[in-house]
Amino acid sequence: MAFQNKLFIGGEFVDADAGTTIDVHNPHDGTLLTKIAEAREADVDRAVKAAQAAFPAWSNMAAMDRGRLLLKLADAIEDHADEFARLEALDTGHPLKDTTLLDVPRTAVTFRYFGGMADKAQGTVPPVEQGFLNYVTREPVGVVGQIVPWNFPIMFTSWKLGPALAAGNTVVMKPSELVPLSTLRLCELINDVGFPPGVVNVVTGYGHTAGARIAEHPDIAKVSFTGSTAVGKGIVEASAGNLKRVQLELGGKGANVVFDDADLTAAVNGSAFAIFHNQGQACIAGSRLLLHEAIAEEFTERFVALAKSIKLGDPLAPGTEMGPLTSPTHRDRVLSYVKIAIDEGGEVLCGGKAPDDPTLADGCYVEPTVVRAALRDRVCQEEVFGPFVTITTFSDEAEAMELINGTDYGLGGGLWTTDLQRAHRVAAGFRSGMVWINCYKRVNPGSPFGGVGQSGYGREMGFEAMHDYTEAKSVWINVDAQLPAWYPRT
Ligand code: NAD
């Protein structure tokens with residue numbers, strides 16, 4: 001398979017200024033897939049210049065025509081769906097079934113949603129005092145920097161590019177240096193469908209160089225960042241130089257609560273999806289299972305049995321349900337939490353190690369891991385970001401509420417109950433950006449996505465995202481007003 005491996009600046013694929021590269025590996029067996037160009041500060045500066053040059057024409061283009069290009073991009077992704085699904089599975093370790101059924105279709109759908117929205121986002125006409133007309137337009141902010149993590153690379157391109165481009169901004173995007181291949185392939189389609197050069201620029205580089213330059217760049221008007229809370233805080237500091245706008249999608253420690261009246265079969269299956277989908281590498285993963293004591297034993301028995309039955313293997317092999325984690329460093333970090341859990345008195349109910357299968361020995365595999373732990377434990381407070389779930393029990397709704405809101409994070413969480421009143425009461429009590437009732441991890445381009453507290457601020461998706469990529473301009477017209485007497489007379 002041939003891979004695009006250069007930077008995408010001004011509509012062209014170019015080498016990095018310094019000529020250096022970054023190795024990209026297959027997480028299934030550690031083999032080298034390709035070497036990508038390593039963007040550094042000078043390359044980011046070049047990309048920003050290209051985005052600045054493209055901005056006047058792009059922001060003045062009829063919104064319907066911007067939308068038309070996004071719609072064409074959605075179609076082109078669907079035309080190449082199988083290729084994207086394989087590429088994403090190869091680079092990230094997501095099972096092919098998931099990239100085929102979730103990552104790639106969701107990417108196309110999100111571009112299509114924002115393509116349709118480009119000419120629907122409107123200004124307002126606020127009612128003001130007599131004699132004046134006031135109207136408010138929404139203008140693009142300018143050049144936008146977008147920094148993307150490694151857990152859903154192709155899907156996050158659509159979450160970030162979709163609203164930014166629909167609103168008339170131009171973009172400098174930095175994918176994760178670990179998994180850049182689907183984003184670079186997307187750039188080829190961006191050219192093919194006819195986006196003007198410089199509207200989208202992609203710089204593949206490390207966070208502390210290319211990413212940091214985006215965060216501090218004086219000509220970038222807004223940064224949209226998805227990644228860890230620690231890096232997000234650094235971005236806020238770096239943004240102060242030119243007071244750029246910042247939107248942050250950070251970590252999570254999703255509570256997934258099962259009440260004693262829940263449909264247990266649905267809850268067991270849904271909770272396994274909540275944590276084990278994408279090997280648990282999701283900010284919204286249901287990583288803290290909170291079980292009512294009356295059903296805890298039965299639920300745990302069934303859940304552990306399901307976890308043990310999950311088929312690990314080559315992401316490209318049919319039948320694989322869970323692939324490798326995305327990098328060896330990350331696998332080691334996830335496994336380090338097993339020792340942390342045991343040291344703090346936790347009990348490992350299954351997993352907690354790499355699989356014994358010798359065919360997986362060179363990959364970044366971790367068995368589905370279930371640990372009994374208490375709220376104060378580090379494994380219940382810190383984001384593990386792997387197939388690692390804690391179980392904690394509660395005796396009543398008040399205690400459940402304390403556990404739900406017992407971390408600094410506030411991204412998403414879920415609850416399982418057949419009691420309608422309780423469902424709404426508990427959902428209202430969640431301190432988080434998203435709540436799922438009798439389901440988990442639902443996302444849709446129309447529904448705002450984001451968190452509170454240490455999970456960040458601002459929203460992706462929906463009208464909120466579009467709004468966040470614009471500035472309001474308020475225009476006043478004197479249509480029939482007598483100016484006040486204290487105005488200067490000449
Ligand atoms: P990370 O913060 O290390 O990296 C994210 C991106 O930021 C990468 O592109 C990286 O190169 C870049 N980066 C790293 N250091 C930087 C710096 N100093 N300046 C600018 N950019 C820098 O996170 P990760 O390890 O790639 O992703 C995992 C983390 O991301 C987890 O904590 C997870 O919860 C979080 N995440 C959050 C969401 C969300 O929507 N809230 C989604 C996915 C991942």
Side-chain angles (χ1 to χ4, degrees), residues 22 24 36 38-41 44 92 94 103 145-160 172-180 183 202-217 220 223-239 244 246-254 275 277-287 325-334 337 364 381-386 388 407-413 432-434 441 443 447-461 465:
I22 300 173
V24 178
I36 51 156
E38 183 208 349
R40 294 187 186 170
E41 289 83 345
V44 172
T92 63
H94 299 193
D103 304 46
Q146 301 185 323
I147 302 177
V148 187
W150 46 259
N151 55 337
F152 290 101
I154 188 68
M155 202 172 77
F156 285 157
T157 62
S158 62
W159 291 27
K160 294 205 183 292
V172 175
M173 171 178 277
K174 194 196 86 59
S176 163
E177 60 278 14
L178 293 169
V179 289
T183 307
V202 170
V203 284
T204 49
Y206 292 112
H208 65 281
T209 51
R213 181 61 182 150
I214 289 174
E216 69 174 19
H217 202 292
I220 289 183
V223 169
S224 168
F225 171 78
T226 301
S228 59
T229 300
V231 173
K233 287 181 180 175
I235 298 222
V236 173
E237 282 173 25
S239 72
K244 59 172 63 66
V246 180
Q247 177 244 323
L248 301 171
E249 300 289 352
L250 307 176
K253 198 70 198 172
I275 182 62
H277 168 241
N278 201 29
Q279 293 79 260
Q281 301 168 124
C283 46
I284 52 175
S287 56
L325 301 190
T326 295
S327 72
T329 316
H330 187 55
R331 174 204 48 208
D332 296 346
R333 182 176 174 275
V334 169
Y337 273 99
C364 308
Q381 293 293 329
E382 298 174 17
E383 188 175 47
V384 179
F385 217 59
F388 186 115
T407 78
D408 293 335
Y409 289 113
L411 194 56
S432 70
M434 292 161 283
K441 264 176 117 177
V443 291
S447 184
F449 185 102
V452 303
Q454 299 292 302
S455 295
Y457 46 74
R459 293 292 179 268
E460 300 202 283
M461 315 280 237

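Treat the numbers as computed from the prediction; the structure is a model and nothing was measured. Whatever order the structure lists ligands and atoms in, that order sets their numbers, starting from 1.
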Under a 4.0 angstrom heavy-atom cut-off, which atoms of ligand 1 come close to [X]?
X: Phe449; answer: 40 (O)
X: Cys283; answer: 34 (O), 36 (N), 37 (C), 38 (C), 39 (C), 40 (O), 41 (N), 42 (C), 43 (C)
X: Val148; answer: 6 (C), 8 (C), 9 (O)
X: Glu383; answer: 31 (C), 32 (O), 33 (C), 34 (O)
X: Gly251; answer: 34 (O)
X: Phe225; answer: 2 (O), 5 (C), 6 (C), 7 (O)

### Task
Name the option, out of Ser455, Gly207, Ser176, that contains the heavy atom nearest to atom 13 (N) of ligand 1.
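Closest candidate by heavy-atom distance is Gly207.
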### Query
Shortest non-hydrogen contact from Ala39 to Val203?
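Residues Ala39 and Val203, closest heavy atoms: CB-CB, 3.7 Å.
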Applying a heavy-atom cut-off of 4.0 Å, say which part of [X] lies close to ligand 1: side chain, backbone, both or neither.
X: Leu411; value: side chain
X: Ile214; value: neither
X: Thr226; value: both
X: Phe385; value: side chain
X: Glu177; value: side chain

#### Entry: Side chain Lys244, main chain Ala215, donor-acceptor under 3.5 Å
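Side chain of Lys244 to backbone of Ala215, a donor-acceptor pair under 3.5 Å: yes, one is there.
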